[in-house]
Amino acid sequence: LTASERLLRYCQKNGIQLRTRLITNGALLTDAMIKQLLRFNLVSIQITLDGVKETYCTYKSASPQDYDAVLDLIDRQCGNVLFNLRLNCYPANLASLLELTDELHSRPHVRDRINLYLAPVESSAMETFDPEGYTDAHLRFVEHLYALGWHSQVRNALIAQRSSPCDTLKPEGFIADYAGNLYA
């Protein structure tokens with residue numbers, strides 16, 4: 001049995017509701033993997049994007065085919081699972097992220113079945129936003145969504161206070177790596 005199968009059996013045996021979330025760059029994710037993960041009550045998939053094709057390929061060291069594969073997968077699977085698209089934001093890619101929102105908005109099947117949010121990046125390898133700069137970028141992002149008429153995303157993009165910066169930091173949260181090892 002896989003770690004996921006053992007965990008599901010344990011939860012079922014003990015009356016615990018298992019809900020799983022996946023965080024990935026999406027490059028290796030396939031329809032078959034999502035189908036299998038749905039058996040384990042997959043609630044959502046967070047995919048990190050850095051902009052339109054050229055920007056994505058530059059920052060992820062990916063091919064144009066990788067970019068197309070990720071967006072096509074989202075298009076095919078967004079009716080089966082919620083996609084939370086984390087848009088990594090820094091001064092050099094903000095314009096590309098705005099273009100990406102245009103591209104996603106132009107896909108009617110995707111448009112109402114995903115969540116977008118802007119996320120500042122902390123890095124010593126590139127220029128990043130200071131708090132004021134990120135606030136300005138976030139306001140520009142929300143205004144862009146509003147101008148598109150994408151009101152559901154405006155609501156999603158509004159900054160909300162969180163009790164934890166990451167679900168894995170909650171007492172009941174844990175991480176499972178690709179080999180099935182569990183970490184608190």
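All heavy atoms count here, side chains included; hydrogens, waters and symmetry mates do not.
The shortest side-chain heavy-atom distance between Thr20 and Leu7 does not fall under the 4.5 Å cut-off. Counting heavy atoms from C-beta outward, Leu97 and Leu49 have side chains that stay 4.5 Å or more apart. For the pair Ile47 and Thr24, the minimum side-chain heavy-atom distance is below 4.5 Å. When side chains are defined from C-beta on, Tyr134 does not count as touching Thr128, because their heavy atoms never get closer than 4.5 Å. By the 4.5 Å heavy-atom criterion applied to side chains, Arg76 and Ile34 are not counted as neighbours. Residues Thr55 and Leu100 have side chains not in contact (no heavy-atom distance under 4.5 Å, counting atoms from C-beta outward).
Expressed to the nearest 0.5 Å, how far CZ of Phe129 lies from CD of Glu122 amounts to 13.5 Å. Taken to the nearest 0.5 Å, the CD atom of Glu99 stands 11.0 Å off from the CG atom of Asn93. The CG atom of Leu28 lies 11.5 Å from the CG atom of Leu73; values are rounded to the nearest 0.5 Å. Taking NZ from Lys53 and CG from Asp66, the interatomic distance works out to 10.5 Å, rounded to the nearest 0.5 Å. In this structure, CZ in Arg140 is found 5.0 Å from CG in Leu94, a value given to the nearest 0.5 Å. To the nearest 0.5 Å, atom CD1 of residue Ile74 and atom CD1 of residue Ile114 are 7.0 Å apart.
Among pairs with a residue in residues 65-87, those fulfilling ring-ring contact (aromatic ring centres under 6.0 Å, His included) read Tyr56-Tyr67, at least two apart in sequence or across chains.
Ile23 and Tyr59 fall into different hydrophobic clusters, where Ile, Leu, Val, Met, Phe, Trp and Tyr side chains are chained together by heavy-atom contacts under 4.5 Å. With hydrophobic clusters built from ILVMFWY side chains whose heavy atoms lie under 4.5 angstrom apart, Leu87 does not share a cluster with Val121. Under the 4.5 Å side-chain heavy-atom criterion for grouping Ile, Leu, Val, Met, Phe, Trp and Tyr, Leu71 is connected to Leu148 within one hydrophobic cluster. Residues Met33 and Leu82 fall into different hydrophobic clusters, defined by Ile, Leu, Val, Met, Phe, Trp and Tyr side chains chained together at heavy-atom separations under 4.5 Å.
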Give the table of side-chain donor-acceptor pairs shorter than 3.5 Å for residues 38-45, with sequence neighbours excluded, one pair per line with atom names and distance.
| from | atom 1 | to | atom 2 | distance (Å) |
| --- | --- | --- | --- | --- |
| Asn41 | ND2 | Leu18 | O | 3.1 |

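Taking the six-membered ring where tryptophan is involved, the planes of His105 and Trp150 are perpendicular, since the angle between them exceeds 60° and thus also 30°.
The backbone N or O of Ile16 lies less than 3.5 Å from no partner atom in the side chain of Asn14, so there is not a single donor-acceptor pair. A donor-acceptor pair under 3.5 Å is formed between the side chain of Asp130 and the backbone N or O of Gly133.
Across Ser106 and Pro108, no two heavy atoms sit closer than the pair O-CD, 3.0 Å. Between Asp50 and Ser96, the shortest heavy-atom contact is O-OG, 4.4 Å. Considering every non-hydrogen atom in both Thr101 and His144, the closest pair reads OG1-CD2, 3.0 Å.
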Item to check | Derivation of the salt bridge (Lys or Arg N to Asp or Glu O under 4.0 Å) call for Arg107 and Asp75 | outcome: CA-CA 8 Å; Arg107 294 175 176 235; Asp75 200 14; 3.8 Å; yes
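Checked options His138, Gln153, Gln46; the residue passing with Tyr117 is Gln46 (criterion: side chain to side chain donor-acceptor pair (under 3.5 Å)).
Residues Asn84 and Arg86 have side chains that never bring a donor and an acceptor to within less than 3.5 angstrom of each other.
Within 6.0 Å of atom CD in Glu103, more than 12 heavy atoms from other residues, nucleotides or ligands are found, so the atom counts as buried in its surroundings.
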